[in-house]
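Here the structure comes first, spelled out in structure tokens, and everything after it is commentary.
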Amino acid sequence: MTTLAGSAPSRNTAPIDANDATHPGDLAPAALRAALHRAADLVADYVTGVDRYPVIPKIAPGAIRAALPSAPPQSAEPMDAMLADYLRLIEPNTTHWRHPGFMAYFPTTGSGPGVVAELLAAGLNNNAMLWRTGPASTELEEHVCDWLRQMVGLPAGFHGHINDTASISTLLSLAAARERAGLDIRRRGMAGRSDVPTLTIYCSDQTHSSIDKAALTLGIGVENCRRVATNARFELDIDALERQLAADKAAGCKPIAIVATIGTTSTTAVDPVAKLADIAAREGMWLHVDGAYAGSAAICPEMRDAFAGWERADSIVINPHKWLFVPKECSVLWVRDPQLLKQTFSVIPAYLTTTESVTNLMDLGIQLGRRFRSLKLWMVLRSFGVEGLQQRIRFHCDMARELAAWIEADDRFELTAPVPFATVCFRATPPFPAQIQDQFNERLVTRVNAEGPVFVSHTTLKGRYCLRISIGNLRTTRETLRTAWTLINDHATKLMSEFGAAH
Ligand code: PLP
């Protein structure tokens with residue numbers, strides 16, 4: 001196990017006197033300025049030098065808590081001490097999502113302009129629950145969501161707002177779908193009602209777990225979130241959906257929504273959205289499109305085939321915090337009928353009534369208070385421009401195709417799913433029975449990740465363990481990718497002799 005200590009360089013080291021005589025505990029104006037300069041240096045040093053760390057810190061669970069005082073401080077502590085502890089304890093013991101070698105899950109990059117925006121938003125500490133309590137925040141949010149709508153080629157007629165995560169965006173959409181079913185559930189609930197049939201939702205067996213969480217939160221039940229089989233390309237099978245729908249209707253269920261995914265979590269498969277839109281229209285069901293990951297790729301016109309039909313959805317989610325280089329948390333939800341979202345969620349106590357005819361963002365979801373999330377989206381979009389963002393996404397997809405070609409050219413490995421975007425699933429195919437092969441691949445992931453320069457993840461496809469590399473970090477280069485591939489090859493060779501001797 002390595003040490004907890006970090007030692008990043010920091011330029012501005014003059015002591016910061018945190019003692020504000022008028023506001024004890026807060027930073028006096030000069031101290032605030034000094035602390036912000038120091039923090040700016042820390043961030044810039046971190047961002048430019050993050051690759052000196054292994055992507056995953058080599059610490060055991062519990063190590064951080066063991067290094068912290070067990071009781072809170074009774075009296076004021078100096079900012080210098082906090083920043084020193086940050087450098088010693090926090091920064092080095094973080095999993096470095098910023099690292100160019102981060103290729104696990106879906107990589108994210110809080111790009112520079114986004115970081116600056118986060119600082120400005122923290123300074124404002126605005127709460128745009130009502131237009132009145134955050135006019136700039138409310139209007140910028142609606143405006144940049146509309147910029148993004150235009151960027152991804154969606155027609156006018158969608159209203160966008162920002163949530164923290166896609167999980168929440170999807171929950172809100174499915175709540176609206178439930179409301180539209182006309183069962184007065186908002187007022188009367190579902191329990192103890194003989195007039196409420198079993199409500200059902202449909203998605204593929206590859207759909208993100210956030211759909212199950214929405215189903216359980218909304219009282220629909222995980223079991224009634226029907227996970228329909230997928231084809232060899234991991235896309236929802238329309239015939240299987242039709243069979244499930246027919247069976248459910250015959251059993252007296254009320255189908256209320258279909259969730260189509262463009263870019264599923266394991267393999268980034270694309271469901272047949274246009275066909276699902278036809279079925280949703282025929283059955284009077286809500287269509288929600290989960291583009292949390294791949295939605296960003298629609299800014300590249302040549303990739304729009306994958307999105308055919310999404311313009312017919314009732315709601316669509318995209319996470320700019322995934323693949324548009326915006327710091328977490330930034331999930332854009334577009335709905336065709338914001339009035340319905342309002343009908344689903346709006347509760348206005350006397351102390352929050354207003355006279356203006358405006359959007360009050362508190363009406364569009366569960367949370368009342370909200371931070372100024374649109375500032376970072378605005379600044380990132382302006383800083384890169386549409387062309388800059390397109391260029392990055394194309395580069396990531398090119399690198400993924402390159403990796404897929406290396407895998408296909410090497411008879412010790414096989415691709416285990418198509419590569420429509422920038423995520424590659426594959427596995428080594430040593431000449432052992434399936435179970436041993438799975439152990440081999442699992443060990444391969446552990447060994448590669450223990451090295452430090454890269455972090456790859458895994459998934460299970462058709463019951464078999466696979467490696468999964470996703471390219472989405474702004475600083476990932478061809479050289480990083482070659483490093484990953486070399487490590488995978490070297491460890492596969494070593495494991496071959498170990499497993500060969502043992503089996
Ligand atoms: N949908 C898809 C397709 C995802 O891949 C993910 C997360 O990776 C989510 C939804 C959930 O995203 P969030 O973490 O923003 O809730």
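Note that ligands are numbered from 1 as they come in the structure, with each ligand's atoms numbered from 1 the same way.
Between Arg427 and Glu414, at least one side-chain nitrogen of the basic residue sits less than 4.0 Å from a carboxylate oxygen of the acidic one, meeting the salt-bridge criterion. Between Asp398 and Arg401 a salt bridge is recorded (basic side-chain N to carboxylate O distance below 4.0 Å). In this structure, Lys376 pairs ionically with Glu118, as a charged nitrogen and a carboxylate oxygen lie closer than 4.0 Å. Residues Asp164 and Lys328 are not paired through a salt bridge, judged by the lack of any N-O separation under 4.0 Å between the basic side chain and the carboxylate.
Arg468 forms a cation-pi arrangement with Phe106, by the criterion of a distance under 6.0 Å to the ring centre and an angle within 45° of the ring axis.
Considering both main-chain and side-chain atoms, Ser167 comes within under 3.5 Å of ligand 1 through a nitrogen or oxygen pair.
Counting only N and O atoms by type, the side chains of His396 and Trp323 include a donor and acceptor under 3.5 Å apart.
Contact annotation for Phe106 and ligand 1: only side-chain heavy atoms (C-beta onward) come within less than 4.0 Å of the ligand. The side chain of Asn319, and not its backbone, has at least one atom closer than 4.0 Å to an atom of ligand 1 (non-hydrogen atoms only; side chain from C-beta on). Under 4.0 Å from ligand 1, not a single heavy atom of Glu329 appears.
Against a heavy-atom cut-off of under 4.0 Å, Ala292 is close to the following atoms of ligand 1: 1 (N), 2 (C), 10 (C). Within ligand 1, counting atoms from 1 as listed, the ones closer than 4.0 Å to a heavy atom of His321 are 15 (O). Heavy-atom proximity to Gly263, at under 4.0 Å, picks out these atoms of ligand 1: 3 (C).
Remark: minimum distance from atom 11 (C) of ligand 1 to any protein heavy atom is reached at His208 CE1, 3.3 Å. Of the protein's non-hydrogen atoms, Asp290 OD2, 2.6 Å is the one closest to atom 1 (N) of ligand 1. Protein heavy atom in closest approach to atom 5 (O) of ligand 1: Thr265 OG1, 2.9 Å. Protein heavy atom in closest approach to atom 12 (O) of ligand 1: Lys322 NZ, 3.3 Å.
In summary, of the residues considered (Asp212, Asp237, Asp205), a salt bridge (Lys or Arg N to Asp or Glu O under 4.0 Å) with Arg227 occurs for Asp212 alone.
When all heavy atoms of Thr200 and Cys253 are compared, the pair lying nearest together is CG2-CB, 4.0 Å.
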